Amino acid sequence: MQIMTNNRAQGSFGTSRPPFQEGDTVWTGAVIAEIPDLSTLRAELRIEEIDRGRTSAGQEVRIKVDAVPDARLDGVIEWLSPIATLVFSRIPPEKNFPAHASIEKIDSRLRPGMSCTVEVVVERVRD
């Protein structure tokens, strides 16, 4: 469960607003907590511009979660953005395409927000 930020609370100058806590006044429609559904998880990934032409929705992926190195997870790309996003962490900025991959068999040790590495299967060679 994640406690959300109380946007009506006063924070100190230069700091973020505090999360909801016991005794706070809430208003109708306020989201005070999020409880994730762990029965379905997905990996969020970025496809580099050079690989975009060989990648499409429906392709198989292999997922390796950093915190659970012994787990081998398989999945499928469910969504691949048709529009590139710019990443300004490098000069010149690089372009990549956001994507989501579903995870076929959920490992009970997985949690939202964990880091992972995703390999997209673009071709199979028989034998």
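Given the structure is predicted, the values throughout are model-derived calculations rather than measurements.
Atom CD of E104 has more than 12 neighbouring heavy atoms from other residues, nucleotides or ligands inside a 6.0 Å radius. With a 6.0 Å radius and a threshold of 12 heavy atoms from other residues, nucleotides or ligands, R46 has its CZ atom at or below the threshold.
Shortest non-hydrogen contact noted between P112 and L41 is CG-CD2, 4.3 Å. The shortest non-hydrogen separation linking D74 to R62 is OD1-CG, 3.9 Å. Closest approach of L80 and A99 over heavy atoms only: CD1-CB, 3.6 Å. Residues A43 and I63 share a closest heavy-atom pair of CB-CD1, 4.1 Å. Between M114 and A67 the shortest heavy-atom distance is CE-CB, 4.0 Å. P69 approaches K64 most closely through the heavy-atom pair O-CE, 4.5 Å.
In the hydrophobic clustering of ILVMFWY residues, with side-chain heavy atoms under 4.5 Å counting as a link, V118 and V121 come out apart. Under the 4.5 Å side-chain heavy-atom criterion for grouping Ile, Leu, Val, Met, Phe, Trp and Tyr, V122 is connected to I47 within one hydrophobic cluster. Hydrophobic clustering of Ile, Leu, Val, Met, Phe, Trp and Tyr side chains at less than 4.5 Å, counting indirect connections, keeps V76 apart from V61.
Atom-to-atom distance recorded for I50:CD1 and N96:CG is 13.0 Å, nearest 0.5 angstrom. Remark: E49 CD to T85 OG1 distance equals 10.5 Å, nearest 0.5 Å.
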Side chains of residues 20-38: which donor-acceptor partners sit under 3.5 Å, not counting sequence neighbours?
from	atom 1	to	atom 2	distance (Å)
D24	OD2	N6	ND2	3.1
D24	OD2	Q21	N	3.0
D37	OD1	S39	N	3.1
D37	OD1	S39	OG	2.6
D37	OD2	S39	OG	3.3

Pair K95, E48 - check salt bridge (Lys or Arg N to Asp or Glu O under 4.0 Å), show working. CA-CA 7 Å; K95 295 177 190 173; E48 293 186 17; over 6 Å; no
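Comment: E60 engages R124 in a salt bridge, judged by a side-chain N to carboxylate O separation of less than 4.0 angstrom. Between D70 and R109, at least one side-chain nitrogen of the basic residue sits less than 4.0 Å from a carboxylate oxygen of the acidic one, meeting the salt-bridge criterion.
By the 4.5 Å heavy-atom criterion applied to side chains, T40 and I106 are not counted as neighbours. Annotation: side chain of I77 is not in contact with side chain of W79 (no heavy-atom distance under 4.5 Å). The shortest side-chain heavy-atom distance between L110 and L73 falls under the 4.5 Å cut-off. No side-chain heavy atom of T5 sits less than 4.5 Å from a side-chain heavy atom of P18.
For the pair R111 (side chain) and S108 (backbone), a donor-acceptor distance under 3.5 Å is present. Using modelled atom types, no side-chain atom of S102 and backbone atom of R42 make a donor-acceptor pair closer than 3.5 Å.
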